[in-house]
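Every number for a ligand or one of its atoms is a count from 1 in the order of the listing. Numbers here simply count residues along the sequence, with the first being 1.
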Amino acid sequence: MATRPPLVSAEPRRSELLAIVKQRPLPEHIAIIMDGNGRWAACRGRERTFGHRQGLETASQIVEFVGQELKIKHLTLFAFSKENWRRPRAEVDFLMNLLIDFVQRKLDELLRNNVRLRVLGEVSELPAGVRAEVERAVVTSEDNDGLYLNLAINYGGRQELVRVTQAIARDCAAGRLSPDHICENTLAHYLYTQDLPDPDLLIRTSGEERVSNFLLWQIAYTEFWFTETLWPDFSKEELLRAIADFQRRQRKFGTVVEP
Ligand code: IPE
Ligand code: IPE
Ligand code: MG
């Protein structure tokens, strides 16, 4: 006898998942290492750039969902690392042009959705055309107070800490800061993330289980969630599953929690 499909799907649908995760406290800040674009394209016999283009569409959908449906306050996306300059010139050029394309095609929508865009990373080292578009997006969105979207571009966690150390040393040498008064909050203030809360949840796609120099200071107590899914295939449903898993975890911050 042929087996019949189950009457009720074992996988809750997006609307059900959404209702479930909304019943419990949501993470205030989600960070994502969007990885696997190249492999996604290779699986389809296409150039890596094809994967990056699709990855951008996925990122746009996730941004809209996080801001409009989940109403989470902070989202940080790792778009280009300091180490990514080591890639072939053509791929780097493509990624830089994609950043320009992102601002030109999506800025209006981001503004309509009350998104404030910020960049974590060394903007001054970006090609002039990219810098101009990125800065335009930052300036025109600076009064928005819906989703705070942080794009990590030309970002490296170690380089960020070197930059912070230099800035602190300069301020001490100039008498603006006393070494005795340096504490965790001082350091946090000098980071690109400044006043942002640390990420509660860090998601990495594509089956890689490493941090790749992302937000080293800020993830001291972040919960990690890894998935095999390649970034272009990452869906709203999967984001909801990551959040539901996060909500089941007990965060202890070093203390003892009574059972
Ligand atoms: C992530 O996808 C995008 C960037 C790092 C810019 P990859 O390009 O790293 O894709 P894989 O990991 O090679 O598949
Ligand atoms: C991390 O991915 C950087 C971004 C997602 C922008 P990579 O693909 O560059 O990281 P590694 O090289 O696998 O560690
Ligand atoms: Mg990768």
Ignoring angles and geometry beyond distance, decide whether Arg204 reaches within less than 3.5 Å of ligand 2 through its nitrogen or oxygen atoms.
yes

Has Asp35 got an N, O or S atom lying less than 2.8 Å from the Mg ion (ligand 3)?
yes

Could you tell me how the ring of His74 sits relative to the ring of His29: parallel (under 30°), tilted (30 to 60°) or perpendicular (over 60°)?
tilted

Checking Trp40 side chain against Gly51 main chain: does a donor-acceptor pair fall under 3.5 Å?
no

Any side-chain heavy atom of Asn213 within less than 4.5 Å of one from Phe78?
no

Of all the non-hydrogen atoms in the protein, which one sits nearest to atom 1 (C) of ligand 1, and at what distance?
Met34 O, 3.0 Å

Given Val92 and Asn84, is the side chain to side chain contact (heavy atoms under 4.5 Å, CB included) satisfied, shown in steps?
CA-CA 8 Å; Val92 169; Asn84 288 149; 6.0 Å; no

For Phe224 and Arg204, run side chain to side chain contact (heavy atoms under 4.5 Å, CB included): C-alpha distance rounded to whole Å, both residues' side-chain angles, the deciding distance at 0.1 Å, then the answer.
CA-CA 8 Å; Phe224 290 7; Arg204 183 169 187 152; over 6 Å; no

For atom 4 (C) of ligand 1, which protein heavy atom lies nearest, and how many Å away is it?
Arg87 NH1, 4.0 Å

Can a protein heavy atom be found under 4.0 Å away from atom 12 (O) of ligand 2?
no

Please list, chain by chain and in numerical order, all residues satisfying side-chain hydrogen bond (donor to acceptor under 3.5 Å, both in side chains) with His52, sequence neighbours excluded.
Asn37, Glu91

Any heavy atom of Ser206 closer to ligand 1 than 4.0 angstrom?
no

Measuring from atom 9 (O) of ligand 2, which candidate in Ile153, Asn84, Val211 has the nearest non-hydrogen atom?
Asn84

Quick one: do Leu126 and Phe80 satisfy side chain to side chain contact (heavy atoms under 4.5 Å, CB included)? Show the steps, please.
CA-CA 11 Å; Leu126 293 172; Phe80 190 87; 5.6 Å; no

Students should be able to answer this: which protein heavy-atom is nearest to atom 10 (O) of ligand 1, and at what distance?
Gly38 N, 2.9 Å

Under 4.0 Å from a heavy atom of Phe80: which atoms of ligand 2 are those, numbered in the order shown and with their elements?
6 (C)

Considering both backbone and side-chain atoms of Leu95, is one of its nitrogen or oxygen atoms within less than 3.5 Å of a nitrogen or oxygen in ligand 1?
no

Where ligand 2 meets Arg210 - atom numbers and elements under 4.0 angstrom, heavy-atom basis
11 (P), 13 (O), 14 (O)

Say whether Asp35, considering both its backbone and side-chain N or O atoms, lies within less than 3.5 Å of an N or O atom on ligand 1.
yes

So do Trp225 and Ile243 actually touch side chain to side chain, heavy atoms under 4.5 Å?
no

Close-contact set for ligand 2 against Ser212 heavy atoms, below 4.0 Å
10 (O), 11 (P), 14 (O)

Considering only the protein, which heavy-atom contact is closest to atom 6 (C) of ligand 1, and what is its distance?
Ala79 O, 3.4 Å

Under the side-chain hydrogen bond (donor to acceptor under 3.5 Å, both in side chains) test against Glu160, which residue among Trp217, Tyr155, Tyr192, Tyr190 passes?
Tyr155

